[in-house]
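Before any comments, here is the structure.
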Amino acid sequence: MDIFDLTDDESFDVPFEAKEQKGVRNVYKEDQENALLKSLNKEQLEAVQTTEGALLVLAGAGTGKTRVLTTRIAYLIQKNLCRPYECMAVTFTNKAASEMKERLFNMIGPVAGDVWLGTFHKIGLKILRRHAQEVGLSSDFNIFNQDDSFRLLKLILKEYDVDVKKYSPKSLAEVIDSFKNKGFLPESLPKSLEAGASFPKSGFFYREYQERLRTLNAVDFSDLLLLSFEVLKNNPELALKYQHQFRYILVDEYQDTNIIQYLWLKLLAKGYGNLCCVGDDDQSIYSWRGAEVENILRFSEDYPKAKTIRLESNYRSTAEILGAASSLIAHNKGRLGKTLRVAPTHLLEGKQVEVKGFWDSKKEAYFVAEDVSYNRKGRRLSDLAVLVRANFQTREFEEAFSKEGIAYKVIGGFRFYEREEIKDMIAYLRVVAQPKDDMAFERIVNKPKRGIGAASLDKLREFAASSHQSLFESIDAYPSNKGAFAHLREIKALFVKWQEDLEVLPFFEVAKEVLYESGYMKMWKDEASFEAKGKVENLGELLSVISADFETITAFLEHVSLVMDTDELSKDDCVNIMTLHGAKGLEFSKVYLPGWEEGIFPHQKSLDEGEKALEEERRLAYVGLTRAKEEAVISFVANRQVYGQWQASIASRFLSEIDSKYLKTSSQMGMQSSFENKEDENFDEPYQNASNFFRNRGAASPQKGFSNSSLSRSTTSLKKNEAVTENGIKRGSQVYHEIFGYGVAVQVDGNKVEVYFEGLGRKKLMSPFLEKVK
DNA sequence: ACGGACAGTTTTTTT
DNA sequence: AACTGTCCGT
C-alpha cells in the first residue's frame, strides 16, 4: 500500500552503472510496443515518443493525461531508455500517485515498484531522510502537520506577548508558508518580501519558528521540499549523484507547481534535461498554496529547446458539457488557449447542463438525494458525485443521503486522523518514537487527568528551557518530586518502558500497550456518552489498521502525516461527496454542483480579493463541470445558513457566464409565500428569481409578502441569557434583531415569546430573525 | 487541579 | 452552531 518503500535503498546505493536490471526484459519486442501504443491517438503518441529533452504537454480536461504519463514511463522502460529506478514521476496528490502506480503495474508488472513515483512531498521526504544531518536534523525527525505548526506558532507568539487574537497563528503560518513556497530560508529572506508580508516581524518569527522546529527535531510540510532542496543545493556532489540517477523526470499537474517545486525540479533535471511536464493552465486551482501558473506559462523560456504538444481531444464529456465549461472559462484572460473538442471516436449524444434553484440548502440536498435514487438504476452509485466548494456544505448531503438510504462517502473533510482521540493516540506514539517532541508530549501529558496542571508544566517548561533540554528529558533532573512532579516521573517511566518494549516486541503490541497502560482507552470507556463510544471504536479501528498495515512505528507515523485516509476513493459502491479541489483528476458519469451562490461559489474571499482570485474560482468551476461524462446539475439556493446564521443568497455570476444554449433551467423553489402566485415572475430564470425575491423582500416591512393563510404562529421560551428588547432579542451582551421582516417577535408573558413566521419549523424559527448587531 | 459558566470569535480550498 | 479562552468557585 505504500507508494514506494522508503527502506528500499538498494537502487540508490549501488552505482548505477553496475546495477543489474531486475525483471526488466532486456530484449525489446515490437509487439509489446504495439500493444502499449495502439490505443493512443496521434497527439498522445507524440507525447509518449518524444523522449529527448524538455517537453511540455498541454493536456485539457479528459484528454488522457494520465494515460500519456503512464504509457510514457512504460515505454521508456520497455524501450530500455532507462531503468525503472532512473525514472521519477511526481504528482500532487496521493490519489494521483496511487492511480498511476496501479496503471503502471498493469502495464509493466512488478518493476513498476522501482520507479520513483510519488507526491512532491513524499519524494522530498525520501531525500531528506537520507541527508537530514546536512540541515541539522537527525534522520528520525518528525513531520508536523498543520495543526502542530499552528500550536507551535501560537506558543512562540505568546512567549513574545503577541495578542494571538489580533495576530493569529494561522495568518503567520500562511506568511511563513509563502516564504517557504518561494524557496527562502530565514537567512536568505529578502527584506522586501518581509516588508510586503501581512504579518509584522514575520522574518523574526520565521527564524524563531525554524529554530524551534530544529530543537524539536521536526519539519513541517513545506520543509520537506525546501530542506531537501537546500541539501542538494549545498552539496553539489550529492546533487550530481541524483542528477545522474534521474534520466527521466515526469511531472503531473505542472500548472500547480510553486517556486520551490520549480527550483527543485530544475535542479534534479539538470543532469539529462529530460523533463516532461504535463498540465493544463485552465485547471490551476492552488494559488493559495503558492502555485504559480506562470511556471507553465513560461516553460518554453526556461527550457528554450522545449517542445510543446497540445492534447485537445476530449474522451470524457458530451459536447454540451464541454461547451458549457469552455464558454465559462473563456471569460478568463491570459490563458495559453486550447480548444477542447469531442474526440471523433467518442461522440456522445448529450443533455444540457441542468440549472436548478431551491428555497434552501435542505431542499437542494433532498433533491440531489432523490435524483440519485432515480438515477441509480443501471448505474453504479460511485459513478455519481456531489462536488462542493467548501467542506461545511457536505453536512446536509450526508443527512439527506442517509435518510434516503443511499450509500455515500465524504472524501476529505473530517478526516479520521484529525479526530481528537486519534490525534491523542498519535501523540503518545510520537513521544515513544521521538521523546524530544515537546508538542506531542504536552498534548497528552495530562490526558487522561494525572494531576499535572498548567502551573507545574510552566515550571517544567522553564526548567527545560534553561537546561536546553526537552521537557521529557528534563523531568529526571527537576529538583522536586512532589505532587505533579511525582506524576510526571510516573508517566515518563511508562514511556521508557514502551521504548524498551519496542526493541523486543512487534510495533502492534507496543501500540496496544500504549493505548491500555496509559489509561487513555479507559478514560473513554468510562465515559458514558454517545460520543465516547464512537471514540472507543475509532481507537480500536486504529489498532487494527496498525496491525494490518504497519510494521514499524516510523512507517506508521510517516503514513499518518503524509497520507490522509480519505485520499483514495472508496472501493464500495457509493456516492462520493467531496470538494471541487478534491475532485481534480477524477471523472463521474453524473455530477452535482450545488451551492453556486455569490459568496459561496465564487467564495466571498475571492470576491474581496479581485479579478485574479475570481479567475481561479472560475477555473475551479471549470474543473467541476469537466468532471462530468454525461450529465451535470448546477444548483443554488435562496436562503443559506452559514455558521448558524441565515442569510439571503443570490445565484452565482458564473451561471450567467455560461452560454445559455448549453443550459436548461427550472425552478424548484416551492415556497409558501404569496410570491409563488405572482404571474409577472419568470420561473424559468431561477437565478433571477432569487435576486428579485430578495430585492423585493429584503428591506420590506414585517408583513409584506405574507398571505394570511401561510402565516403561522408559535410560542417559544427565552433561554437564560436571552431577553426581548425594543429592537430585537438580547442574548447575553449581544443584541439580535429581526431581518427581512419575516416575522415579529413579541413578548407575551415573562419569558414566553410569540413569533409569527412563514412555513418554517421550530428549530429554524429563531435564527432567521436573529442577526448580530454591532 | 479541575469544572462550569460566560463571552467572544469563527467565515475555503490541501500536501 | 461549534469552538476557544477566561474567570471563578470548589
Side-chain angles (χ1 to χ4, degrees), chain A residues 90-97 118-125 143-146 149-150 154 158 163-166 168-170 174 177 180-181 219-225 253 256-258 260-261 284-291 387-395 411-413 415 418 420 446 448-457 483-484 487 560-564 566-567 578-584 595 599-609 613 616-617 619-620 623-624 640-647 719-721 731-734 763-764 766-767 770 772 774:
Chain A
V90 223
T91 64
F92 270 79
T93 62
N94 293 300
K95 200 156 57 191
T119 60
F120 273 103
H121 292 84
K122 208 154 192 178
I123 293 179
L125 170 67
I143 303 162
F144 270 23
N145 60 25
Q146 202 175 36
S149 299
F150 285 177
K154 196 171 173 183
K158 281 198 164 169
D163 181 0
V164 196
K165 288 222 170 104
K166 212 168 157 196
S168 74
K170 197 180 163 197
E174 271 166 24
D177 216 44
K180 291 186 174 183
N181 287 335
V219 300
D220 66 15
F221 277 135
S222 305
D223 282 342
L224 295 176
L225 287 164
E253 310 277 14
D256 281 329
T257 47
N258 58 31
I260 185 67
Q261 286 161 337
S284 168
I285 54 175
Y286 283 101
S287 72
W288 49 275
R289 216 170 73 187
L387 308 182
V388 297
R389 175 69 242 270
N391 276 312
F392 78 91
Q393 290 173 264
T394 60
R395 272 185 124 179
I411 317 284
R415 297 150 211 259
E418 281 176 16
E420 183 194 4
N446 200 29
K449 297 272 182 317
R450 298 189 174 93
I452 303 165
S456 319
L457 269 183
H487 299 307
V560 296
S561 37
L562 282 189
V563 183
M564 290 301 167
T566 46
D567 259 351
M578 65 182 101
T579 62
L580 288 159
H581 284 86
K584 190 147 80 145
I600 299 284
F601 188 43
H603 192 271
Q604 189 57 47
K605 229 169 185 170
S606 71
L607 294 173
D608 298 341
E609 275 169 28
E616 179 149 320
E617 295 287 295
R619 290 194 289 268
L620 205 48
V623 169
R640 187 176 285 281
Q641 210 179 8
V642 186
Y643 310 113
Q645 317 276 356
W646 284 94
Q647 59 184 42
K719 283 194 237 155
K720 227 186 207 169
N721 55 357
R731 183 194 282 168
S733 62
Q734 299 165 8
K763 185 141 194 264
K764 280 185 177 177
M766 295 308 286
S767 332
L770 306 182
K772 195 168 174 183
K774 287 278 168 194

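Each chain gets a letter, A, B and so on, in the order its sequence line appears, and its residues count up from 1.
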Just checking A/Arg619: base, sugar-phosphate only, or nothing, at a heavy-atom cut-off of under 4.0 Å? nothing
OG on A/Ser222 to CG on A/Asn258, rounded to 0.5 Å: 8.0 Å
For the pair made of CD in A/Gln604 and C1' in B/dT10, what is the distance, rounded to whole Å? 15 Å
A/Leu224 atom CG is separated from B/dT14 atom C1', nearest whole Å, by 14 Å
Would you say A/Asn391 reaches B/dT12's phosphate, i.e. side-chain N/O to OP1/OP2 under 4.0 Å? no
Proximity to the side chain of A/Lys154 - top-ranked nucleotide from B/dT15, B/dT12, C/dG5: C/dG5
Atom-to-atom span, CD1 of A/Ile285 to P of B/dT13 - whole angstrom: 12 Å
How about A/Ile260 and A/Lys180: do any of their side-chain heavy atoms sit closer than 4.5 Å? no
Judged by each residue's nearest nucleotide on DNA chain B, which is more toward the 5′ side, A/Ser456 or A/Gly582? A/Ser456
Could you check how far CZ of A/Phe392 sits from P of C/dC3, rounded to whole Å? 16 Å
Rounded to whole angstrom units, what separation is found between the CZ atom of A/Phe150 and the P atom of B/dT15? 15 Å
Comparing A/His581 with A/Lys165, nearest DNA chain B nucleotide closer to 5' gives the residue A/Lys165
Short side-chain N/O contact to B/dT15 OP1/OP2 from A/Asn181, under 4.0 Å: no
Kindly point out which of C/dG5, B/dA1, B/dT13 is positioned nearest to the side chain of A/Ala390? B/dT13
Rounded distance (Å) that lies between atom P of B/dT12 and atom CG of A/Leu580: 15 Å
So which nucleotide from B/dT12, B/dG3, B/dT13 ends up closest to the side chain of A/Lys605? B/dT12
Can you check whether A/Phe120 stacks with the B/dT15 base, using ring centres under 5.5 Å and planes within 30°? no
Rounded to whole angstrom units, what separation is found between the CG atom of A/Asn258 and the P atom of B/dT14? 17 Å
By the 4.0 Å heavy-atom rule, please label A/Gln146 as base, sugar-phosphate, or nothing. base
Can you say whether a donor on the side chain of A/Arg389 sits under 3.5 Å from an acceptor on the base of B/dT13, or the other way round? yes
Would you say A/Arg450 places a side-chain N or O within less than 4.0 Å of OP1 or OP2 belonging to B/dC2? no
Is a donor on one side and an acceptor on the other found under 3.5 Å between the side chain of A/Asp177 and the backbone of A/Arg289? no
Pick base, sugar-phosphate or nothing for A/Tyr286, based on heavy-atom distances below 4.0 Å to the nucleic acid. sugar-phosphate
Within-4.5 Å side-chain heavy-atom neighbours: A/Gln393 and A/Ile600: yes
Kindly point out which of B/dA1, B/dT15, B/dT14 is positioned nearest to the side chain of A/Thr579? B/dT14
Is the closest side-chain heavy-atom distance between A/Arg389 and A/His581 below 4.5 Å? yes
Does a nitrogen or oxygen in the side chain of A/Lys449 sit under 4.0 Å from OP1 or OP2 of B/dG3? yes
Regarding A/Phe92, tell me which of base, sugar-phosphate or nothing describes its non-hydrogen contacts under 4.0 Å with the strands shown. sugar-phosphate
Over how many whole Å does the gap from A/Lys166 atom NZ to C/dT4 atom C1' extend? 20 Å
Got a sec: does the CZ of A/Arg450 have more than 12 other heavy atoms crowding it under 6.0 Å? yes
